[in-house]
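To start, the structure under review is shown below, and the notes come after it.
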Amino acid sequence: MRSHTCGQLRAEDEGRRVRLAGWVNRVRNLGGFCFLDLRDRYGMIQVVFEPERQELMDAAGRLHMESVILVEGVVRRRPGSMANQELATGEIELLAESCKLLSRADVLPFTLEAEDTAGEDLRLKHRYLDLRRPTKSRYLLLRHRMAQAVRRTLDGLEFLEVETPILMKSTPEGARDYLVPSRIHAGCFYALPQSPQTYKQLLMVSGFDRYFQIVKCFRDEDLRSDRQPEFTQIDIELSFGDELDVQDTAEAVMAGLFREIKGEELPLPLPRLTWREAMDRFGSDKPDLRIPLEIRELGALAASSNFGVFQQALEQGGVLRGLVFPGLAEEFSRKKIDALQDYARHLGGQGVVVVRWTAEGLSSQIGKFTGEEWLKSAVAAAGATQGDLLVLAAGEYRLVCKLLGNMRLRLAKEHGLLDASAHKLLWVTDFPMFEYDDEEQRWMAAHHPFTQPNAEQLAAGVPESDLLSRGYDLVMDGQEIAGGSVRIHEREMQARVFRMLGISDEEAQEKFGFLLEAFRYGTPPHAGCAFGFDRLVMIFGGTENIRDVIAFPKTNRAASPMDGCPGRVDARQLDELHLKIVGDKPGGDA
RNA sequence: GGACCGGUAGUUCAAUCGGUUAGAGCGCCAGCCUGUCACGCUGGAAGUUGCGAGUUCGAGUCUCGUCCGGUCCGCCA
């Protein structure tokens with residue numbers, strides 16, 4: 001139908017007779033002349049209609065924006081100074097000799113502009129229109145190129161791409177499952193995979209000693225700007241290797257992406273921090289190392305502070321820590337400090353204490369308890385100088401880390417202390433094996449229940465609360481982009497970890513019996529990891545909205561305004577699935 | 001489950017202290033216009049102020065509820 005695409009023609013094509021098809025981006029009808037910008041995925045070109053073909057020109061002048069047309073004509077150089085520098089095809093134009101309307105477009109529900117001018121709900125309802133904008137479609141192009149680069153790297157390293165089931169068994173640990181009722185097995189359900197974790201371990205038992213998959217995963221949890229109910233992982237597993245082999249592989253994947261997408265060499269190996277060190281210094285298990293600020297331990301000052309909150313925190317086994325923000329003292333008015341307090345309290349606990357060191361001296365809301373001398377010793381211990389802002393937090397270790405870690409991120413972003421042009425990657429290792437769940441009153445796997453615990457600690461009888469795992473996360477610019485672990489490959493060890501998690505032998509047998517049985521027949525030591533592919537595309541694409549990098553994303557309430565899912569189904573369908581809706585509320589429509 | 005922000009013409013926004021007929025840009029419709037590229041000019045049409053109650057002489061504006069979108073907390077092995 002078309003001989004070329006809209007972004008393809010250049011000055012050297014002058015005189016060529018071509019047929020172009022695409023969308024009418026804009027019509028400029030000057031009366032005696034009519035210009036039309038024709039657009040497709042590849043670019044845009046100006047089509048000109050001249051009065052020599054009056055009827056054709058009039059018809060073109062009446063075209064609606066976003067109608068689809070086929071134009072035949074001759075490429076010609078634009079006269080004199082009429083070239084458009086902003087357009088790749090700007091030196092030429094197409095003189096139309098015929099124009100066929102392939103599909104007339106109604107008036108659009110919103111106008112297609114470079115910026116996100118229309119509301120997101122409207123753009124999601126008409127996602128296919130939103131994706132016509134090059135500023136949006138470029139994310140999908142990038143995603144494609146990244147997926148291909150990953151495949152090339154892993155294929156080159158002899159990793160085999162194997163597909164695993166989408167309909168699987170529901171598992172107790174982890175996120176809430178999406179369930180699929182079975183028609184054939186009354187009262188039984190499949191679950192959609194939260195990840196192909198057990199399958200890839202079984203593939204190791206099968207002897208596919210290097211596996212990968214770019215695969216959809218599903219978790220029925222509440223959404224965020226970087227979380228969707230269905231998302232994509234680059235899933236990797238290898239046999240006869242340990243954490244270093246997996247990390248080498250993941251680094252090769254990242255190096256390939258940097259080379260192919262950014263044209264840069266990623267310096268390897270990447271730096272490593274233990275979980276404890278990351279928490280201590282940056283208040284986060286996914287520290288953003290683009291911010292040159294570190295948390296300071298100030299516990300020794302608590303007793304002399306004369307401030308109850310600090311004193312009690314230390315007495316109860318907590319910590320007192322501070323973070324210095326260079327040069328921000330003058331910028332922090334009363335109002336800004338209040339806003340900071342609100343944010344801190346929003347995160348939990350009693351909030352933070354702010355000490356300002358301005359030209360007038362030291363000031364703080366706790367100055368009346370501590371006195372000036374104590375404030376002086378605090379800023380000295382924290383390494384502040386005049387003009388700096390010191391933020392203090394006291395209490396339980398993880399809460400203090402969370403508070404100061406969040407302050408670090410927020411203030412650095414707001415005040416330009418973050419170099420957004422750079423990328424900082426690192427491995428975080430030695431995660432805690434378990435975390436105590438107050439709600440369920442039991443220990444939960446911090447990573448997942450197939451992660452190997454630290455062998456020496458286990459042999460030495462270290463309590464659950466202090467036990468470290470052989471898990472690791474890859475962090476880029478403050479985001480966890482991959483996580484993995486050395487897996488348990490011995491049945492006895494796996495059973496022991498299940499028991500530590502409060503999973504009875506019977507339940508383990510019922511839920512994971514197939515895996516435990518597989519381990520009986522010769523299991524290679526294995527390890528692996530999984531990248532959050534959507535987040536990776538977000539970082540490379542420079543967006544903070546995960547919906548940008550997914551062709552058809554869901555809203556905050558896990559719905560699609562475009563096709564109206566989730567929707568109701570016929571009574572007949574329910575009958576077949578042996579389901580009955582109870583407590584039915586109107587709202588979702590079929 | 002909780003906190004906060006938003007919802008006014010097709011669309012993006014405005015509307016003073018609660019007060020006349022709810023305005024403007026873009027788009028749309030009609031007309032004019034021979035080098036535009038966000039073309040320009042003239043005129044016109046276009047509104048259940050998300051929905052439902054309440055307060056009031058009077059509600060886009062205040063109150064309550066509800067729905068939708070977004071950001072965050074909880075949650076996300």
Side-chain angles (χ1 to χ4, degrees), chain A residues 25-37 44-52 54 57 61-62 64-66 78-87 89-90 93 106-126 171-177 194-195 197-198 217-229 231 339 342-349 402 406 410 431 433-435 437-440 443-451 469 471 480 483 485 497 501 503 530 532 544-545 547 554-557 559 561 585-588:
Chain A
N25 197 69
R26 196 169 268 278
V27 179
R28 292 179 294 280
N29 186 357
L30 274 65
F33 255 115
C34 183
F35 298 99
L36 180 157
D37 293 332
M44 193 145 74
I45 186 170
Q46 174 165 281
V47 182
V48 59
F49 296 85
E50 290 193 332
E52 282 72 31
Q54 186 72 45
M57 192 182 78
R62 285 192 299 271
H64 274 198
M65 283 196 291
E66 297 304 314
R78 294 201 194 183
S81 57
M82 299 305 160
N84 184 344
Q85 308 294 333
E86 319 241 304
L87 217 56
T89 61
E93 62 192 1
D106 282 351
V107 176
L108 263 54
F110 59 95
T111 39
L112 307 184
E113 294 172 56
E115 305 80 40
D116 289 348
T117 46
E120 187 158 15
D121 43 349
L122 200 64
R123 289 187 289 113
L124 283 177
K125 182 166 183 188
H126 304 277
T171 51
E173 293 281 301
R176 194 176 294 114
D177 281 325
Q194 298 174 26
S195 82
Q197 182 62 37
T198 48
C217 302
F218 306 85
R219 292 177 192 176
D220 187 5
E221 296 292 345
D222 287 346
L223 277 50
R224 286 288 188 281
S225 62
D226 63 350
R227 259 169 29 197
Q228 283 272 304
F231 60 99
D342 286 347
Y343 178 60
R345 274 191 285 269
H346 183 63
L347 294 169
K402 179 175 160 186
N406 274 286
R410 182 185 160 115
F431 278 80
M433 182 75 189
F434 303 109
E435 278 168 1
D437 187 302
D438 295 323
E439 215 168 288
E440 294 213 13
W443 291 96
M444 307 279 278
H447 183 56
H448 58 55
F450 314 111
T451 302
S469 80
E480 181 200 324
S485 63
V497 168
L501 290 168
I503 299 173
E544 307 217 318
N545 184 345
R547 295 179 294 277
K554 306 274 191 291
T555 67
N556 252 353
R557 298 189 65 245
K585 275 192 292 186

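For the pair A:Glu86 and A:Lys554, nearest-nucleotide mapping onto RNA chain B gives the more 5' position to A:Glu86.
Within 4.0 Å of A:Pro79, counting heavy atoms only, lies at least one base atom of the nucleic acid. Among the heavy atoms of the strands lying under 4.0 Å from A:Asn29 is at least one base atom, whether or not backbone atoms are also near. Within the 4.0 angstrom heavy-atom criterion, only backbone atoms of the sugar-phosphate kind lie near A:Pro109; the bases stay farther away. Using a 4.0 Å heavy-atom distance criterion, A:Glu93 is classed as a base contact. A:Leu108 comes within 4.0 angstrom of sugar-phosphate atoms only, judged by non-hydrogen atoms across all strands, and of no base. In this structure, A:Thr451 reaches neither bases nor backbone, as no heavy-atom distance under 4.0 Å exists between it and the strands shown.
Put simply, the side chain of A:Arg123 gets close to the backbone of A:Ala118: a donor and an acceptor are under 3.5 Å apart. Although no hydrogens or angles enter the test, the distance criterion places no donor-acceptor pair under 3.5 Å between the side chain of A:Glu221 and the main chain of A:Pro229. Judged by distance alone, the side chain of A:Arg78 and the main-chain N or O of A:Gly90 form a donor-acceptor pair under 3.5 Å.
Atom pair A:Glu221:CD and B:C73:P shows a separation of 14 Å (rounding to whole Å applied). The NZ-P distance, from A:Lys125 to B:U11, rounds to 10 Å in whole Å. For the pair A:Asn556 CG and B:C5 P, the interatomic distance rounds to 16 Å; values are reported in whole Å. Spacing between atom CZ of A:Arg219 and atom C1' of B:C76 amounts to 7 Å, rounded to whole angstrom units. Look at CZ on A:Arg176: it is 15 Å from P on B:G74, rounded to the nearest Å. As rounded to whole Å, 16 Å separates atom C1' of B:C68 from atom CZ of A:Arg123. Per the geometry, CD belonging to A:Glu113 stands 9 Å off C1' belonging to B:U11, to the nearest Å. Rounded to an integer number of Å, the gap from A:Asn84 CG to B:G35 P is 17 Å.
Nucleotides B:G19 and B:G58 place their C1' atoms 7 Å apart, quoted to the nearest Å. The C1' atoms of B:A3 and B:A15 are separated by 30 Å, rounded to the nearest whole Å. Rounded to whole Å, the separation between the P atoms of B:G2 and B:A38 comes to 49 Å. If you take atom P in B:U16 and the same atom in B:G50, they sit 15 Å apart, rounded to whole Å. For the C1' atoms, the distance from B:U12 to B:U8 is 11 Å, rounded to whole Å. For the C1' atoms, the distance linking B:C17 with B:U61 amounts to 10 Å, nearest Å. With P as the reference atom, B:U66 and B:C72 are 24 Å apart, rounded to whole Å. Separation of the P atoms belonging to B:C67 and B:G31 is 49 Å when rounded to the nearest angstrom.
When distances run from any side-chain atom of A:Met82 to the nucleotides B:G1, B:G27, B:C37, the shortest one goes to B:C37. Taking only side-chain atoms of A:Ser225, from C-beta outward, the nucleotide of B:U12, B:C72, B:G35 with the closest atom is B:C72. Comparing B:U11, B:G74, B:G27 by their nearest atom to the side chain of A:Leu122 picks out B:U11. Among B:G69, B:U12, B:C73, the nucleotide with an atom closest to any side-chain atom of A:Ala118 is B:U12. Checking B:C76, B:U36, B:U12 against every side-chain atom of A:Arg227, the shortest atom distance belongs to B:C76. When each of B:C73, B:U11, B:G69 is scored by its nearest atom to the side-chain atoms of A:Phe110, the top-ranked nucleotide is B:U11. For A:Arg547, taking side-chain heavy atoms from C-beta onward, the closest of the listed nucleotides B:G70, B:C28, B:C37 is B:G70. Checking B:U36, B:C28, B:G74 against the side-chain heavy atoms of A:Arg28 singles out B:U36 as nearest. Checked against B:A3, B:U36, B:G69, the side chain of A:Glu120 finds its nearest nucleotide in B:G69.
Across all strands shown, B:G60 forms no Watson-Crick or G-U wobble pair with both key distances under 3.5 Å. If you check B:U8 for Watson-Crick or wobble pairing at under 3.5 angstrom, you find it has no partner at all. Across every strand in view, B:A3 sits in a pair with B:U71 that passes the Watson-Crick or G-U test at under 3.5 angstrom. Look at B:U16: it lacks any Watson-Crick or wobble partner with both distances under 3.5 angstrom. Of all nucleotides present, only B:G40 satisfies the Watson-Crick or G-U wobble test against B:C32, with each distance under 3.5 Å.
Taking 3.5 Å as the limit, the base of B:U36 and the side chain of A:Arg78 contain a donor-acceptor pair of atoms between them. Not a single donor-acceptor pair, N or O on each side, falls under 3.5 Å between the base of B:G27 and the side chain of A:Glu66. Between the side chain of A:Glu50 and the base of B:U34, no donor-acceptor pair of N or O atoms lies under 3.5 Å. One cannot find a donor-acceptor pair under 3.5 Å joining the base of B:G70 and the side-chain atoms of A:Asp121. Judged by distance alone, with hydrogens and angles left aside, A:Arg224 brings a side-chain donor or acceptor within reach of the base of B:G74, the pair sitting under 3.5 Å.
Judged by a 6.0 Å distance limit and a 45° cone about the ring axis, A:Arg410 is positioned over the six-membered ring of A:Tyr343.
OP1 or OP2 of B:G27 lies within a sub-4.0 Å distance of a side-chain N or O belonging to A:Arg26. For B:G10, neither phosphate oxygen OP1 nor OP2 lies less than 4.0 angstrom from any side-chain nitrogen or oxygen of A:His64. Between A:Thr117 and B:C26 there is no side-chain polar atom (N or O) within less than 4.0 angstrom of OP1 or OP2.
Stacking is not found between A:Phe33 and the pyrimidine-like six-membered ring of the B:U34 base under the 5.5 Å centre-distance and 30° plane-angle cut-offs.
Ring orientation note: the planes of A:Phe33 and A:Phe35 are close to parallel, at an angle under 30° on the 30°/60° scale. By the 30° and 60° cut-offs, the orientation of the rings of A:Phe110 relative to A:His126 is tilted.
In summary, the side chains of A:Asn84 and A:Gln46 do not present any donor paired with an acceptor at a separation below 3.5 Å, with no hydrogens or angles considered. Checked by atom type, the side-chain pair A:Glu113/A:Thr111 shows a donor-acceptor distance below 3.5 Å.
A salt bridge does not link A:Asp222 to A:Arg557: none of the charged nitrogens lies less than 4.0 Å from a carboxylate oxygen.
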